[in-house]
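All heavy atoms count here, side chains included; hydrogens, waters and symmetry mates do not. Sequence positions, counted from 1, serve as the residue numbers for this chain. In each ligand, atom 1 is the first atom listed, and ligand 1 is the first ligand listed.
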Amino acid sequence: MKSITGNEAVDAAIDRVFAGEQLDEDDYLALYDEPVADLTAGADHVRTHLADEGVTVRGLGYVTRGICSQDCGFCAYSARHDTDVEQHGVVPPELLEEAAKRAEEKGAERFNVVSTRRGADSELRTDEWREVLTAIELIREETDLNVDACLGFLEADEAEKLAAEDVQHYVHMVETSPRYFEEITSTHSFEDRLETLRVAKDAGIDLCSGIIVGMGETPADRIAAALELREVGIDVFSLNVLSPAQGTPVAEKVGDSPDITREGILKTLALVRFIHPDVRIDTNTARAPITREEFLESGGNSLQLGDMIHYEDYPVNEA
Ligand code: SF4
């Protein structure tokens, strides 16, 4: 066995990852107890040799931000929680195009068109859906950006429409493990989320999915979620750190700060790199208590830019 990190357990895991072996949940849980510096050095080695070179940057813009019927315990947009959240109706496609252009000027290669709804089928109104497709078309015509979409649950015909617009990634988080998911959401299941990923994949769209850490889950939950996504076959893993939204059950549980240490974030990132050796791993380092450099040297290779649109002129539409 070649010594990469000087840590026998980590080096043995690297050997197995390079051999294309699938480590299991117990293997990863044992690795989680190894020193963070060894894990991140190992993850950096895996990224360097098995993942695409370079760092990609992803911008995003909300096409609409409204209250959602679902009860995800971390989400400020749930109608079930008493939160003070900015809402706005559908914004003109030209505004998203401008936001995309600004993101491109800041180095973005991808732009994610986002709506905070349960799904296009049930809550994204026909006119909003039309605006989404127009915005995607405009961004593709007027920029060199790849366009991603994050619109909630998806039906097959909707996925085909997005595929026809050359949407590159469908972005749909699983948030956490199947076990912990049941503790924080009752209105839909982990399996429902996987199903939307499969629908998008069947339409030929690449997948971006991932988790939120710091919601009160255990390291085993984070590992289990990453393993589930390996089964589905994703192209981008999004590792998000919770920004507790006051008024949500998860914020009541964890308080003002995410329930995870810096070390916990770095260890999770490193293990996600072992589990997904060749995918892009992205995060928003502006929200995470780690630096951009630490992220990129611990297995990460994609960065998110924040939202770039101001919405006060676009009130929520009446249903
Ligand atoms: S389905 Fe999405 S928008 Fe709705 S409450 Fe859950 S996370 Fe929030």
Worked check of salt bridge (charged side-chain N to carboxylate O under 4.0 Å, His left out) between Arg58 and Asp282 = CA-CA 9 Å; Arg58 173 165 67 115; Asp282 88 356; 3.0 Å; yes
Shortest protein heavy-atom distance from atom 2 (Fe) of ligand 1, along with the residue and atom involved | Arg193 NH2, 4.2 Å
Can you list, by chain and residue number, the protein N, O or S atoms under 2.8 Å from atom 4 (Fe) of ligand 1?
-> Cys68 SG
Qualifying salt bridge (charged side-chain N to carboxylate O under 4.0 Å, His left out) pairs with a residue from residues 222-247, counting only residues at least two apart or across chains | Glu217-Arg222
Is Phe153 near ligand 1, meaning one of its heavy atoms is under 4.0 Å from it?
-> no
Considering only heavy atoms from C-beta outward, does the side chain of Thr268 approach that of Val213 to under 4.5 Å?
-> yes
Identify, with sequence neighbours excluded, every residue that meets side chain to side chain contact (heavy atoms under 4.5 Å, CB included) alongside Asn301.
-> Arg47, Ala51, Arg273, Arg280, Ile281
Got a sec, which hydrophobics cluster with Leu29, joining ILVMFWY side chains under 4.5 Å apart, including via others?
-> Ile4, Val10, Ile14, Val17, Phe18, Leu23, Tyr28, Leu31, Tyr32, Leu39, Val46, Leu50, Ile223, Leu227, Leu271, Phe274, Ile275
Salt bridge between Arg16 and Asp27, side-chain N to carboxylate O under 4.0 Å?
-> yes
Side chain to side chain, Gln304 and Asn240, heavy atoms closer than 4.5 Å = yes
